[in-house]
Protein chains: 2
Amino acid sequence: MPKIVDAEARRQEVVEAVFRIIASDGLERASLREVADEAGLAVGSVRHYFVSSDELLVHSFAVVIDRIAGRLEEAYAVVESLDKASAEHDAAVLTLLGQFLPLDEQLAVDACVWMAFRHAARIRPVLEPEAARSHRAVAAVVGRLVMRLMPDGGSIQEHLVTEAERLLATLDGLCMHALLQPEWMTAEVCRDVLTAHLETLVAVPSNR
Amino acid sequence: MPKIVDAEARRQEVVEAVFRIIASDGLERASLREVADEAGLAVGSVRHYFVSSDELLVHSFAVVIDRIAGRLEEAYAVVESLDKASAEHDAAVLTLLGQFLPLDEQLAVDACVWMAFRHAARIRPVLEPEAARSHRAVAAVVGRLVMRLMPDGGSIQEHLVTEAERLLATLDGLCMHALLQPEWMTAEVCRDVLTAHLETLVAVPSNR
DNA sequence: AACTTTTTAGCACAAACGTGCTTGAACCGT
DNA sequence: ACGGTTCAAGCACGTTTGTGCTAAAAAGTT
């Protein structure tokens, strides 16, 4: 039998190298040579764990999606465990929504990588399936949250879809601005915008 | 004197070629050779009008910013010319906000290009000044609009900033989704989300 | 007709890229 | 101790990129 190496762990190390490169230098710099250097390996070694550059990138995309979706599900479970009217509930909702934003270093890397891959997927067909999965996973959690938060429980299908999409758009927009214009979009502004949005979600206008 | 050619018009043609390439194949494919082919010129010719690849890209970024900002100012002038309570006013506001979204082919190209450059500016320092200018220009219009739409005229500075940033984030998020997930984010959903947002902007919760 | 200056075109080079392929090195079971 | 399998590393080839440089074509002025 061969040399024993935890192959999955090695793959994960390479993926982490990909993340660091994308966060600091962008997706276009995530070449095999750069990734190998960042991971402290040779190009041939990286290619031993990932058949092609495409496979490496698609797998990296999948990993970041799973990480984000996992955090969201976890945070949503907390929300669901609390009483709807309690103050802890509101705090838990803010914590959930904060998982989208680059509020700490780990979240910032994930947000960078996520954004980069989603935008790249518009052009590169290999990334498209994962982009669609990412959208479905996030929309599912946000949809459940909106259903829980809306006063009528989201009974009117059209309003639910609109409000879910509205929250999703605001989140992605906030994430974008926090990544691209960090000097204008501080963590505090993010929080203010989110709380303002939540107030508008609870208080549905009467004329609808 | 030399061969007479309208240099500015030629530059514009090259820029249009850049736009088409970015919209269809992404910014990373906007190389000198690709641009020259798309514009029907030789690489040397393109380089005669743009000293370097960087200058071409920065100038293209500036052009798309001017185009978008121009449309916004134009649409805002219409809004300002109408009575605040009229139905035409609401329609004009929707028209203004629609300038951000890829609702027709021209807007879609501009939105693609704008997004691509803004994201690239995170990594490429040469693009950063234009990205900052773009943010200021758009924020100015949106800020004025929010000030006009808020019931108290945006007299409380913090609320104004928050609401302006909230609208800006929603717009960018909508634009992103419309570009990346066009099958989920139709023009109709965009309109619904925007009208819902405007309702929440007019009806400020009492506890604030 | 000759000259000058702009415009257009193209060559050549170094650098970086993905990938097919080969070569040692490491290590476990026999 | 040995053999077979996996891991690690690297070479080589064809592309593509930006850019410095050269040179031909075009056209108004003299």
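Letters A, B, ... mirror the listed sequences (proteins, then strands); counts begin at 1.
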Given 3.5 Å as the limit, does a donor-acceptor pair link the side chain of B:Glu165 with the main chain of B:Val161, or not? no

Is it true that A:Asp110 and A:Arg71 make a salt bridge, defined as a side-chain N closer than 4.0 Å to a carboxylate O? yes

A:Leu41 has an atom CG; how far is it from atom P of D:dG10, in whole Å? 11 Å

Could you label the plane-to-plane angle of the A:Trp114 and A:Phe100 rings as parallel, tilted or perpendicular, counting under 30° as parallel and over 60° as perpendicular? tilted

Rounded distance (Å) that lies between atom P of C:dT6 and atom CZ of B:Arg10: 16 Å

Could you check whether any side-chain N or O of B:Arg122 sits under 3.5 Å from a backbone N or O of A:Ala23, counting only pairs where one atom can act as donor and the other as acceptor? yes

Between P of D:dT19 and CG of B:Leu56, the distance in whole Å: 10 Å

Indicate for each nucleotide in nucleotides 10-21 of chain C, in 5' to 3' sequence, whether protein heavy atoms under 4.0 Å reach the base (B), only the sugar-phosphate (S), or nothing (-). B-B----BBBBB

Is the shortest side-chain N/O distance from A:His48 to OP1 or OP2 of D:dC7 below 4.0 Å? yes

Kindly say whether B:Val193 contributes a backbone atom to a donor-acceptor pair with the side chain of B:His197 at under 3.5 angstrom? no

Tell me the stems DNA chain C sits in, counting at least three consecutive Watson-Crick or G-U wobble pairs, each under 3.5 Å on both distances. C:1-30 with D:1-30

Please determine if a side-chain N or O atom of B:Tyr49 lies less than 4.0 Å away from the OP1 or OP2 oxygen of C:dT8. yes

Partner set under salt bridge (charged side-chain N to carboxylate O under 4.0 Å, His left out) for A:Asp25, not counting sequence neighbours: none

Measuring from atom CE of A:Met115 to atom CG of B:Leu180, what distance do you get when rounded to the nearest 0.5 angstrom? 8.5 Å

B:Arg67/B:Glu16 ion pair, N-O < 4.0 Å: yes

